[in-house]
Enquirer: 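What follows is a structure written as C-alpha cells; I'll ask about it next.
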Amino acid sequence: MTAANALDVLIVEDEVLLAEELAFLVREAGLRHVGHAMSSAEAVALACQLTPDLALVDVHLRDGPTGVEAARLIVEDCGAVVLFMTANVKRLPDDYAGACGVIGKPYSERAVTTALAYLEVCVRKGRAPGPPPLGLSLAPRFRELWGAGLAETG
Amino acid sequence: MTDNPSPDQAGDEALQEALEQKRALLHEVDHRVKNNLQLIASLILLQTRRTSDETARTALKTVLERVTAVATVHRRLFQNDPLNFGVADFVRDLTGDLAAAAGRDDLEIQLDLEHVAIPAASAAAFALVVNELLGNALKHAFPAGRPGRVRVVLADRGDACVLTIADDGVGMTGQPAFGSTIVKLLCQQLHAQLEVVDAQPGVRATVTVPMISEPLVA
C-alpha cells in the first residue's frame with residue numbers, strides 16, 4: 001500500500017527486466033514509482049518533469065556510461081536525491097557526482113528494501129536513523145549531512 | 001613534427017597499452033557477469049511474483065537464494081585482492097539476506113567471524129555450502145512460535161578455515177534432500193571435511209576447508 005505522501009521514485013536503468021523488478025521493490029517498500037528512463041537525456045528530462053524525491057540511477061545506460069553525468073544534472077537541476085545502483089562501484093567519482101550513495105550490483109532484494117526504508121527516513125528527516133544498512137554505501141558528503149557516520153559500533 | 005621514441009620506449013608503451021587493454025577487458029567481463037547475475041535474479045523474482053502455487057513458489061525462492069549466494073560472491077570479488085576472497089564479510093552479508101528472507105524476529109543470529117581468505121576460485125562453492133547450512137538452520141530448526149539462536153563461527157586455524165553453524169532448535173529432522181546433497185558434493189569439491197552432529201539441543205554443522213594452496217590447473 002502506498003501512502004498519500006510516499007516518496008516519489010524515478011528508476012533510471014536500461015535493462016527493462018531489472019527496472020520492472022526494481023519497481024516492484026520500490027512499491028513493496030511503500031514508495032511510489034513515478035517513472036522509468038533508459039537513457040541519460042530521458043532521465044534528466046523525466047527527473048525535471050516529475051520532480052521525484054529519489055532517483056535510482058545505473059551508470060551504464062542505453063547511450064553508454066552516462067549515468068554519472070545524468071546523476072549530476074538530476075541532483076543540480078532537478079533537486080532529487082540520487083542513489084546509484086551499479087556493477088561499476090569503482091568507477092564512481094570521489095564526490096559520487098552529488099549522489100547520496102551506491103548499492104552495488106548484483107544486489108539482493110533485502111539490500112534494496114532495507115536501503116530504501118533507510119533513505120526514506122534520511123530524506124524525510126534530513127537525519128539518518130543510524131549507520132547505513134549492509135549493502136548501502138553513503139557518499140562522504142551525505143554521511144556527514146545526515147549524521148550517519150559515527151554510529152558504526154552502536 | 002615527429003619524435004622518435006627509442007625501441008625501448010616503444011616497447012614500454014606497447015606493453016602499457018596491452019596492460020591497459022587487459023585491465024579494461026577484465027573490468028568489462030566483471031561488469032557483464034555482475035549485470036547478468038542481477039538479470040537472472042530479477043527473472044526468478046518476477047516469475048515468483050506471478051506464481052500462486054505454494055510448492056512452486058518455495059522452489060523458486062530456494063533457487064533464488066542459491067543464485068543470490070553466488071551473486072553475493074561476485075559482488076565482493078575484485079573488490080580488493082582479485083585472487084583471494086574474504087570470507088567474513090561475505091558471511092555477514094549472506095546472513096543478512098537469509099535472516100531477512102526468514103522474516104523471523106524471534107531468532108537471534110550470533111556472528112563470531114575471524115578474517116579468513118580463501119582462493120577466489122573456491123568462493124562460489126563455499127558460498128553455496130554456507131547458504132545451505134545456514135538456510136537449513138533458519139528454515140527447519142525453529143517451527144513457527146519456537147524462538148531460538150543460531151551461532152555462526154568462522155575461525156582461522158592456519159592450515160584450515162573452520163566454519164561452524166550451530167542452532168538450538170528441534171534437532172535433526174531427517175528431511176532436506178537436495179540441499180544436503182549440494183553440501184556433500186561441494187565439500188568434496190573443496191576437499192573440505194563436513195561434520196553434522198546432533199548437538200542436543202539442535203544441530204551443529206562444521207566445515208573444515210584446508211588452506212593448502214594447490215597449483216592452479218588450467
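Each chain gets a letter, A, B and so on, in the order its sequence line appears, and its residues count up from 1.
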Enquirer: Does B:Gln47 CD have over 12 foreign heavy atoms under 6.0 Å away?
Expert: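 Incorrect, the count does not exceed 12.
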Enquirer: Answer with side chain, backbone, both or neither: which region of A:Glu13 has an atom nearer than 4.5 Å to a non-hydrogen atom of chain B?
Expert: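 Contact with chain B: none, neither part.
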Enquirer: Got a sec: does the CZ of A:Arg72 have more than 12 other heavy atoms crowding it under 6.0 Å?
Expert: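 Correct, the count exceeds 12.
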Enquirer: Are A:Leu22 and B:Gln38 close enough that some pair of their side-chain heavy atoms sits under 4.5 Å apart?
Expert: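 They are not in side-chain contact.
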Enquirer: For atom CZ of B:Arg204, is the number of surrounding heavy atoms from other residues, nucleotides or ligands below 6.0 Å larger than 12?
Expert: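 Not buried by this count: 12 neighbours or fewer within 6.0 Å.
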Enquirer: Look at the side chain of B:Arg75 and the backbone N and O of A:Pro106, then say whether any donor-acceptor pair between them is shorter than 3.5 Å.
Expert: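 Such a contact is found between B:Arg75 side chain and A:Pro106 backbone.
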Enquirer: With side-chain contact (heavy atoms from CB on, under 4.5 Å) as the test, pick out the partner of A:Glu109 among B:Leu64, B:Asp97, B:Thr68.
Expert: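 So the option named by the test is B:Leu64.
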Enquirer: Looking only at heavy atoms, what is the nearest atom pair of A:Leu134 and B:Asp93, with distance?
Expert: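 That closest heavy-atom pairing would be CD2-CA, 3.5 Å.
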Enquirer: Counting only heavy atoms not in A:Asp94 (residues, nucleotides, ligands), do more than 12 fall under 6.0 Å from its CG?
Expert: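 Atom CG in A:Asp94 is not crowded, with 12 or fewer foreign heavy atoms closer than 6.0 Å.
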Enquirer: Any salt bridge between B:Arg50 and A:Glu21, counting N to O under 4.0 Å?
Expert: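 No, this pair does not count.
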Enquirer: Starting at CG of B:Leu46, measure out to CD of A:Glu20 and round the result to the nearest 0.5 Å.
Expert: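 CD of A:Glu20 is found 6.0 Å from CG of B:Leu46.
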Enquirer: Below 4.5 Å from any heavy atom of chain A, which atoms of B:Ile40 appear? Answer side chain, backbone, both or neither.
Expert: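 It is neither, since no heavy atom gets under 4.5 Å.
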Enquirer: Answer yes or no on whether B:Arg49 is positioned over the face of A:Phe24, meaning its NZ or CZ is under 6.0 Å from the six-membered ring centre and within 45° of the axis.
Expert: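 That pair qualifies as a cation-pi contact.
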Enquirer: Counting heavy atoms not belonging to B:Glu20, are there more than 12 under 6.0 Å from its CD?
Expert: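 Above 12, so yes.
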Enquirer: Rounded at 0.5 Å granularity, tell me how far CG in B:Leu45 sits from CG in A:Leu17.
Expert: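 One gets 11.5 Å once the value is rounded to the nearest 0.5 Å.
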Enquirer: If you count the non-hydrogen atoms of other residues, nucleotides and ligands that lie under 6.0 Å from CZ in B:Arg57, is the total more than 12?
Expert: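 Yes, the 6.0 Å shell around CZ holds more than 12 heavy atoms from other groups.
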Enquirer: Should we count CZ of A:Arg91 as having more than 12 external heavy atoms under 6.0 Å?
Expert: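 Incorrect, the count does not exceed 12.
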Enquirer: As a quick check of understanding, evaluate side-chain contact (heavy atoms from CB on, under 4.5 Å) for A:His60 and B:His31, giving each step before the final call.
Expert: CA-CA 10 Å; A:His60 269 265; B:His31 179 249; 3.5 Å; yes
